[in-house]
Amino acid sequence: MARVVVTGGAGFLGSHLCRALLARGDQVVCLDNLITGSLANIEDLFGRPGFTYVEHDVSTYVWVPGPVDRVMHFASPASPADFARIPIQILKVGSLGTHNTLGLAKAKGARFFLASTSEVYGDPQVHPQPESYWGHVNPIGPRGVYDEAKRFAEAMTMAYHRYHGLDVRIVRIFNSFGPQMRPDDGRAVSNFIVAALRGEPLSVYGDGSQTRSFTYVEDEIRGFLALLDSDVVTPMNIGNPDEYTIRQLAELVIEVTGSSSEIRYAPLPVDDPAQRRPDISLARRELGWEPTIDVRDGIARTAEWFRSQLTPG
Ligand code: NAD
Ligand code: UDP
């Protein structure tokens, strides 16, 4: 049994992670400032033995009393819709927040786990993307606030590993989806499902030919825990290599939800990557991990959850 600090534990992925850690017998200290998270995501965990919640901005000094075995740094807004709304907070939590939580891990002799992202690959010129690819990022574009913060976070994490000998893990997460996403989060899966359930048009940005690879949250969390428990120090992709165009995704959501919504087209955001697909050879080889829930099934489960949230009363 380990005592694990999870930053961003009241968010989408963080709340699933807290639940999975508790389920395997670990203790969890969840730190969150609720900038994009919600207590509703973890309300079932309050009062549960081994679970503690502290409201705190990890871009300021972080301290947790008592022993800590693992620090899992998940705090960061992640939706492109937030990049223009709260750019400085995103840069701060990726840089200062990572520095502070690395400092906590070092002081406690804990293993540090960084939630990084496929965004470190930017608009990739190598396809699919292996971990060895350095990326193609516009540092001063609207996505730069997120991409560069995460690239700095990876650099800082590896510096703590090399200079201080800190035990670290880095996961590069590809688009993940599932229950507990905010209905107004702004990402494609939640936007499409909510619109389909409301019978409103689905807005596809650009001509919808850009691609993404979508992973259901259960698979993603299983990958995080396998990486956490492994010996792999260098970054690892965890994502579903099943690649969809955004137009295909919109059509799939309409079909699975049985919606009568139509698809409308809107301008493509600046620097929107043209393609994304993980090379997961490393995860397969080192962790024996691969996704088991296909996108259609994941969409059905997620739509079911959104339906329960959107139903009046
Ligand atoms: P989310 O917005 O649902 O969760 C992020 C959580 O971090 C929220 O609860 C938010 O309140 C909290 N937070 C943000 N800044 C904070 C701060 N300064 N101090 C304390 N708490 C803070 O997003 P998510 O999709 O669950 O993403 C979680 C992590 O996974 C992020 O680090 C993100 O970059 C990474 N990631 C997610 C995806 C994805 O597809 N969901 C893809 C790649 C990477
Ligand atoms: N997208 C879209 N309609 C939406 C939201 C997103 O067409 O309502 C597009 C977006 O431009 C991008 C893709 O879907 O090409 C995935 O967007 P998302 O915000 O989910 O994630 P990211 O761009 O970070 O991969």
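Predicted model, so just to flag it, every value in this text is computed and none were measured. For ligands, and for the atoms within them, numbers begin at 1 and follow the listed sequence.
The closest protein non-hydrogen atom to atom 40 (O) of ligand 1 is Ser176 N, 2.8 Å. Scanning the protein for heavy atoms near atom 41 (N) of ligand 1, the closest one is Arg187 NH1, 2.9 Å. Nearest protein heavy-atom contact of atom 23 (O) of ligand 2 is Arg143 NH2, 3.0 Å. The nearest protein atom to atom 32 (O) of ligand 1, hydrogens excluded, is given as Lys150 NZ, 2.8 Å; this is a heavy-atom distance. The nearest heavy-atom contact from the protein to atom 11 (O) of ligand 1 is Asp32 OD1, 2.6 Å. Here the protein heavy atom with the shortest distance to atom 27 (O) of ligand 1 is Ala78 CB, 3.9 Å. Summary of contacts: the protein heavy atom closest to atom 18 (P) of ligand 2 is Ala188 N, 3.7 Å. Summary of contacts: the protein heavy atom closest to atom 8 (O) of ligand 2 is Asn191 ND2, 2.8 Å. Protein heavy atom at the shortest distance from atom 21 (O) of ligand 2 is Asn175 ND2, 3.2 Å.
Proximity of Pro273 to ligand 2 is not established, as no heavy-atom distance is less than 4.0 Å. Ligand 1 has no atom lying under 4.0 Å from any heavy atom of Gln180. For the pair Gly97 and ligand 1, no heavy-atom separation below 4.0 Å is found. Not a single heavy atom of Phe177 lies less than 4.0 angstrom from ligand 1. Ligand 1 lies within reach of Ile35, whose nearest heavy atom is under 4.0 Å from it. Remark: distances from the non-hydrogen atoms of His56 to ligand 1 include one below 4.0 Å.
Nearest heavy-atom pair across Ser76 and Lys150 is CB-NZ, 3.9 Å. The two residues Asn191 and Gly186 make their nearest non-hydrogen contact at ND2-O, 3.2 Å. Minimum interatomic distance between Met1 and Gly25 (heavy atoms only, all atoms of both residues): CG-O, 2.6 Å. Looking at every heavy atom in both residues, Asp147 comes nearest to Gly122 through OD2-CA, 4.3 Å.
The Phe192 neighbourhood of ligand 2 comprises atoms 2 (C), 3 (N), 4 (C), 7 (O), 8 (O), with distances under 4.0 Å to a heavy atom of that residue. With ligand atoms numbered from 1 in the order given, ligand 2 contributes 5 (C) to contacts under 4.0 Å with heavy atoms of Gly186. Each of the atoms 7 (O), 13 (C), 14 (O) of ligand 2 lies under 4.0 Å from some heavy atom of Ile246. Set against the non-hydrogen atoms of Val204, the atoms of ligand 2 under 4.0 Å away are 7 (O). Taking a cut-off of under 4.0 Å to the non-hydrogen atoms of Glu119, the atoms of ligand 2 that pass are 24 (O). The ligand atoms of ligand 2 that sit less than 4.0 angstrom from a heavy atom of Asp272 are 10 (C), 11 (O), 12 (C), 15 (O). Atoms of ligand 2 lying under 4.0 Å from any heavy atom of Arg212, numbered from 1 in the order shown and given with element: 12 (C), 15 (O), 16 (C), 22 (P), 23 (O), 25 (O). In summary, the atoms of ligand 2 found under 4.0 Å from a heavy atom of Ser203, numbered by their order in the structure, are 2 (C), 3 (N), 4 (C), 7 (O), 8 (O).
The shortest N or O to N or O distance between Gly37 and ligand 1 is below 3.5 Å. Of the polar atoms of Phe74, at least one N or O is found under 3.5 Å from an N or O of ligand 1, judged by distance alone. Among the atoms of Asn33, some N or O lies under 3.5 angstrom from an N or O of ligand 1. The N/O atoms of His73, backbone and side chain alike, include none that comes under 3.5 Å of an N/O atom in ligand 1. Geometrically, ligand 1 and Ser116 share no nitrogen or oxygen pair separated by less than 3.5 Å. At a 3.5 angstrom cut-off on N or O pairs, Gly14 does not count as close to ligand 1. Polar contact check, Asn175 against ligand 1: no nitrogen or oxygen pair lies under 3.5 Å apart. Checked by distance only, ligand 2 and Arg187 stay at 3.5 Å or farther apart across all their nitrogen or oxygen atoms. Close N/O approach between Ser118 and ligand 1 is not found [any backbone or side-chain N/O within under 3.5 Å]. Backbone and side-chain nitrogen or oxygen atoms of Ile173 are examined, and none is located within less than 3.5 angstrom of a nitrogen or oxygen of ligand 1. Close N/O approach between Gly11 and ligand 1 is found [any backbone or side-chain N/O within under 3.5 Å]. Checked by distance only, ligand 2 and Arg276 stay at 3.5 Å or farther apart across all their nitrogen or oxygen atoms.
Paired with Ile173 under the rule side chain to side chain contact (heavy atoms under 4.5 Å, CB included), one option of Thr215, Leu13, Ile238 passes, and it is Leu13. Screening Glu218, His16, Glu220 against Ser176 for a side-chain hydrogen bond (donor to acceptor under 3.5 Å, both in side chains) leaves a single residue, Glu220. No option in Val168, Thr234, Thr117, Val120 other than Val120 meets the side chain to side chain contact (heavy atoms under 4.5 Å, CB included) test with Glu154.
Within 6.0 Å of CZ on Arg85 lie more than 12 heavy atoms contributed by other residues, nucleotides or ligands. Counting non-hydrogen atoms of neighbouring residues, nucleotides and ligands closer than 6.0 angstrom, the CZ atom of Arg307 exceeds 12 such neighbours. Within 6.0 Å of atom NZ in Lys108, more than 12 heavy atoms from other residues, nucleotides or ligands are found, so the atom counts as buried in its surroundings. Counting heavy-atom neighbours within 6.0 Å of Tyr163 OH, excluding the residue itself, gives a total of 12 or less.
Cluster membership for Phe306 and Ile254, using ILVMFWY side-chain heavy atoms within less than 4.5 angstrom, is shared. If you chain together hydrophobic residues whose side chains sit under 4.5 Å apart, Tyr205 and Ile246 never meet in one group.
His56 places a side-chain N or O within donor-acceptor distance of the main-chain N or O of Tyr61, the cut-off being under 3.5 Å. Using a distance-only test at 3.5 Å, with no hydrogens or angles considered, a donor-acceptor pair links the side chain of Asp26 to the main chain of Ala2. With Glu243 contributing its side chain and Arg212 its backbone, the two residues share no donor-acceptor pair below 3.5 Å. Between the side chain of Thr7 and the backbone N or O of Ala75 there is at least one donor-acceptor pair closer than 3.5 Å. Side-chain N or O atoms of Glu148 include none that pairs as donor or acceptor with a backbone N or O of Val137 at under 3.5 Å.
Looking at Tyr146, Phe214, Phe224, Phe174, it is Tyr146 that brings a heavy atom closest to atom 36 (N) of ligand 1. Of the candidates Ala149, Gly8, Ser76, it is Ser76 that places a heavy atom closest to atom 23 (O) of ligand 1. The closest non-hydrogen atom to atom 4 (C) of ligand 2, taken over Tyr244, Tyr265, Tyr205, comes from Tyr205. Between the choices Asp57, Thr36, Thr7, the shortest heavy-atom distance to atom 10 (C) of ligand 1 belongs to Thr36.
To the nearest 0.5 Å, atom CD of residue Glu200 and atom CZ of residue Arg264 are 10.0 Å apart.
Salt-bridge check for Asp185 with Arg187: passed, with a basic side-chain N closer than 4.0 Å to an acidic carboxylate O.
Remark: aromatic rings of Phe74 and Phe224 are close, center separation under 6.0 Å.
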